[in-house]
S.K.: 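Quick one: the structure is below, questions incoming.
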Amino acid sequence: VSLAVLLAWDKTPLKKTIVPGPLVAVVLGTLAAAALARARFFGRDAISLLLILPIALPGVITGIALRSAYGTTRSRMVVEVGEPGVAAGYEFRHDELSSNPEPNNFIGFTATTPYEGRRRISAGFAEVSLPLQKWLEFQLAVRHERYSDFGETTKPKYSGKVRLPANRFVNVLLRGSWSESFKAPDIGQLYQPQSFAVTSASISDPLRPQDGARQLRVLVGGNPALKPEEGTVQYAGAVFEVPALRGLSLSVDHFAIKVRNVITTLGASYLLSAEGTRLFPNAVVRDNATQNPGPISFLYGISNNLGLQLFRGIDYGARYSFRTSRLGSFTLTADATQILKRGSDAGQGAGFFDNTGLYFDVEWRYNYGLSWRRNNWAASVSADVIGKFFNDRQATVTFPGWGENVYTVITPSLTYRGFKRTTITIGSGNVLDKRPPPNGFLVLGFDDRAYGAGALGRTVSMRVRREF
């Protein structure tokens with residue numbers, strides 16, 4: 001109904017659409033609803049969502065109505081408070097996965113069963129930007145999704161900016177946002193058949209060190225009982241500008257990300273660690289017929305839902321730009337992220353485990369940068385600094401773990417834009433060829449999750465980009 005009235009609104013005067021608009025909407029809507037209820041065809045969900053989009057997304061109608069209502073004073077609004085904005089879109093996707101692996105067993109290879117899966121996803125979204133005053137702005141957004149295998153979900157987002165009164169000491173901009181998220185399990189995580197495999201490396205049982213290191217059997221594959229991930233994201237912060245130092249801006253933002261039913265596949269080393277044993281006591285299956293604890297029979301390595309994952313911290317930022325007539329313009333940046341709390345609750349009754357400052361979850365991470373530009377030339381250099389953390393992943397009863405030191409990766413680049421509509425950039429990753437801290441318990445010899453930026457050593461790259 002709303003869609004029919006909206007399409008007729010701008011075509012004729014309002015007094016001529018009061019009667020025919022609703023009448024046409026009722027007739028067409030009834031016929032369309034009857035056809036969709038009785039028929040089954042490809043794209044049915046897409047057409048259904050398209051028809052209910054104005055009802056599911058009232059922000060679109062509200063935004064357009066506001067825009068039209070203020071149309072007579074549009075010029076004044078643009079000058080004084082800015083122009084309202086409305087954006088909307090629709091997406092339809094058909095996902096299909098087919099796997100046909102080797103069905104036979106070989107040395108070092110475990111056979112798996114062929115499988116396939118498919119789903120259809122329809123989604124509509126809308127966003128309304130409302131600059132109410134020069135110092136106040138709100139943004140409202142909503143996304144509605146329909147899955148053929150997980151039903152429907154609607155997730156909103158709210159954000160706003162408030163600029164405090166200007167003064168000669170410091171100007172302050174306050175900003176914040178709150179949103180919800182949804183992620184369905186991947187097709188492979190749902191439908192991949194379960195089978196037994198063996199670990200690629202030999203692993204010691206911390207409860208039976210006398211057995212020595214050996215390869216362990218692991219049950220791998222999909223889990224049809226997986227639930228979708230759902231979460232909330234919150235940001236609140238401020239930007240500071242000092243009029244006496246033009247080009248200088250400082251920022252601080254607090255963030256909190258909470259995800260429920262986190263989908264994860266747990267590795268053998270983690271399941272045997274102190275944290276894994278506490279959070280997932282039933283993931284390690286033992287043969288306790290003659291001894292207790294008995295030797296490991298196998299490990300559960302299939303995808304599972306964690307009860308809760310929490311990620312909370314503070315982002316700090318500083319930026320200073322200055323320009324000289326002879327040497328060009330320079331920009332200095334410094335960013336830091338402080339993790340206040342990062343951990344999870346497996347939902348098994350063991351409670352929340354705070355992993356901040358432990359394996360992989362560094363408490364501090366920094367990034368420093370210097371960039372320069374003059375005419376057609378530009379250059380930059382950045383330093384990515386990974387802070388300290390205590391590696392407790394390979395901890396045992398007799399060996400508690402070890403501390404990892406600060407690790408830094410330097411990346412420079414040089415750019416030339418002198419050719420017609422062509423940009424050439426040459427860069428080097430990890431230019432000092434700094435090796436990641438060694439870890440003899442892992443196959444790669446180091447932890448690629450924490451130090452992936454330096455995994456390849458020194459690299460050289462060249463990129464040519466042409467605009468047409």
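Residue numbers start at 1 and run along the sequence shown. From a predicted model like this one, the values you see are computed outputs, not experimental measurements. The figures that follow rest on heavy atoms only: side chains count, while hydrogens, waters and symmetry mates do not.
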S.K.: Using 4.0 Å as the upper bound for N to carboxylate O, is an ion pair formed by E363 and K388?
M.R.: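 Looking at K388 and E363, the cut-off is not met.
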S.K.: Exactly one of T337, V233, I314 should register a side-chain contact (heavy atoms from CB on, under 4.5 Å) with F255. Which one does?
M.R.: T337
S.K.: Tell me whether the count of non-hydrogen atoms from other residues, nucleotides or ligands lying under 6.0 Å of NZ in K434 goes above 12.
M.R.: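 Yes.
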S.K.: What distance do E152 atom CD and E145 atom CD have between them, rounded to the nearest 0.5 Å?
M.R.: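 Answer rounded to 0.5 Å: 11.0 Å.
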S.K.: Do R374 side-chain atoms and R326 backbone N/O form a donor-acceptor pair below 3.5 Å?
M.R.: yes
S.K.: Within the distance-only criterion (no hydrogens, no angle test), does the side chain of N305 pair as donor or acceptor with the backbone N or O of N261 below 3.5 angstrom?
M.R.: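 Yes, the answer is positive, given that a donor and an acceptor are paired below the 3.5 Å cut-off.
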S.K.: For R119, does the CZ atom have more than 12 heavy-atom neighbours from other residues, nucleotides or ligands under 6.0 Å away?
M.R.: yes
S.K.: Around atom CZ of R260, are there more than 12 heavy atoms from other residues, nucleotides or ligands closer than 6.0 Å?
M.R.: yes
S.K.: Taking only residues two or more places apart in sequence, or in another chain, which ones meet T423 in a side chain to side chain donor-acceptor pair (under 3.5 Å)?
M.R.: none
S.K.: With a sphere of 6.0 Å drawn around CZ of R163, does it hold more than 12 non-hydrogen atoms of other residues, nucleotides or ligands?
M.R.: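 Not buried by this count: 12 neighbours or fewer within 6.0 Å.
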S.K.: Kindly determine whether E137 and S129 satisfy side-chain hydrogen bond (donor to acceptor under 3.5 Å, both in side chains), including the steps that lead there.
M.R.: CA-CA 7 Å; E137 179 179 346; S129 178; 3.2 Å; yes
S.K.: When rounded to the nearest 0.5 angstrom, what distance separates CE in M462 from CD1 in I426?
M.R.: 5.0 Å
S.K.: Checking ring-ring contact (aromatic ring centres under 6.0 Å, His included) for the pair Y451/Y407: CA distance, chi angles, key distance, verdict?
M.R.: CA-CA 8 Å; Y451 306 110; Y407 179 70; 5.1 Å; yes
S.K.: Does atom CZ of R466 have more than 12 heavy-atom neighbours from other groups under 6.0 Å away?
M.R.: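 Counting neighbours around CZ of R466, more than 12 heavy atoms of other residues, nucleotides or ligands fall under 6.0 Å, so yes.
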S.K.: Step through it carefully: locate the ring centre of Y147, locate the ring centre of F182, and say whether they are under 6.0 Å apart.
M.R.: yes
S.K.: Would the distance check show the side chain of N375 and the main-chain N or O of W377 forming a donor-acceptor pair, the cut-off being under 3.5 Å?
M.R.: no
S.K.: Is it the case that over 12 heavy atoms from other parts of the model lie below 6.0 angstrom from the NZ atom of K155?
M.R.: yes
S.K.: Salt bridge or not for D253 and R175, using N-O below 4.0 Å?
M.R.: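 A salt bridge links D253 with R175.
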S.K.: Using a 3.5 Å distance criterion without hydrogens, assess whether the side chain of S249 forms a donor-acceptor pair with backbone atoms of F240.
M.R.: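 No; zero donor-acceptor contacts below 3.5 Å.
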S.K.: Between A197 and V220, what is the shortest heavy-atom contact and its length?
M.R.: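 A197 and V220 have their closest heavy atoms at CB-CG2, 4.2 Å.
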S.K.: Look up atom OG1 in T154 and atom NE2 in H144, then write down how far apart they are to the nearest 0.5 Å.
M.R.: 4.5 Å
S.K.: For F322 together with F330, are the ring centres under 6.0 Å from each other?
M.R.: yes
S.K.: Is a side-chain donor-acceptor pair under 3.5 Å present for S382 with T411?
M.R.: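 S382 and T411 do not have a side-chain donor-acceptor pair below 3.5 Å.
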S.K.: Just how far is it from atom CG of L216 to atom CG of D205, taken to the nearest 0.5 Å?
M.R.: 7.5 Å
S.K.: Between the side chain of R342 and the main-chain N/O of F311, is any donor-acceptor distance below 3.5 Å?
M.R.: no
S.K.: Closest approach of V362 and G387, non-hydrogen atoms and distance?
M.R.: CG1-O, 3.5 Å
S.K.: Check R365 with D384, please: is the shortest side-chain N to carboxylate O separation under 4.0 Å?
M.R.: yes
S.K.: Output the distance between atom CD1 (I302) and atom OG1 (T265), rounded to the nearest 0.5 Å.
M.R.: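 Going from CD1 on I302 over to OG1 on T265, the span is 9.0 Å.
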S.K.: Run the salt-bridge test on E91 and R143 with the 4.0 Å N-O cut-off and return the result as yes or no.
M.R.: yes
S.K.: Could you tell me which residues satisfy ring-ring contact (aromatic ring centres under 6.0 Å, His included) with F150, sequence neighbours excluded, listed by chain and number?
M.R.: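 For F150, no residue satisfies ring-ring contact (aromatic ring centres under 6.0 Å, His included) once neighbours in sequence are set aside.
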S.K.: What's the separation between atom OG in S428 and atom CG in L414, rounded to the nearest 0.5 Å?
M.R.: 12.0 Å
S.K.: Which pair of heavy atoms, one from L271 and one from V284, lies closest together, and at what distance?
M.R.: O-CG2, 4.0 Å
S.K.: Return the minimal non-hydrogen interatomic distance between S303 and N223, and the atom names on each side.
M.R.: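 Between these two residues, the closest heavy atoms are O-ND2, 3.0 Å.
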S.K.: A quick test of your reading: do over 12 heavy atoms of other residues, nucleotides or ligands sit less than 6.0 Å from NZ of K183?
M.R.: yes
S.K.: Quick check: does any side chain N or O of T356 sit under 3.5 Å from a backbone N or O of D354, one acting as donor and the other as acceptor?
M.R.: no
S.K.: Using side chain to side chain contact (heavy atoms under 4.5 Å, CB included), reason through L340 and H254 one step at a time and then give a plain yes or no.
M.R.: CA-CA 10 Å; L340 302 177; H254 178 273; 4.2 Å; yes
S.K.: May I ask you to check whether T425 and S413 show a side-chain donor-acceptor distance below 3.5 Å?
M.R.: no
S.K.: Can N355 and D361 be said to form a side-chain hydrogen bond (donor to acceptor under 3.5 Å, both in side chains), step by step?
M.R.: CA-CA 7 Å; N355 204 59; D361 293 328; 2.6 Å; yes
S.K.: Is any side-chain N of the basic residue among D433 and R435 closer than 4.0 Å to the acidic one's carboxylate O?
M.R.: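 No, this pair does not count.
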S.K.: Start with the C-alpha distance between Q338 and Y316, add both sets of side-chain angles, then the distance that settles side-chain hydrogen bond (donor to acceptor under 3.5 Å, both in side chains), and finish with yes or no.
M.R.: CA-CA 8 Å; Q338 179 187 11; Y316 306 92; 2.9 Å; yes
S.K.: Cation over ring, R421 on F419, under 6.0 Å and within 45°?
M.R.: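 No; the conditions do not both hold, so R421 does not lie above the ring face of F419.
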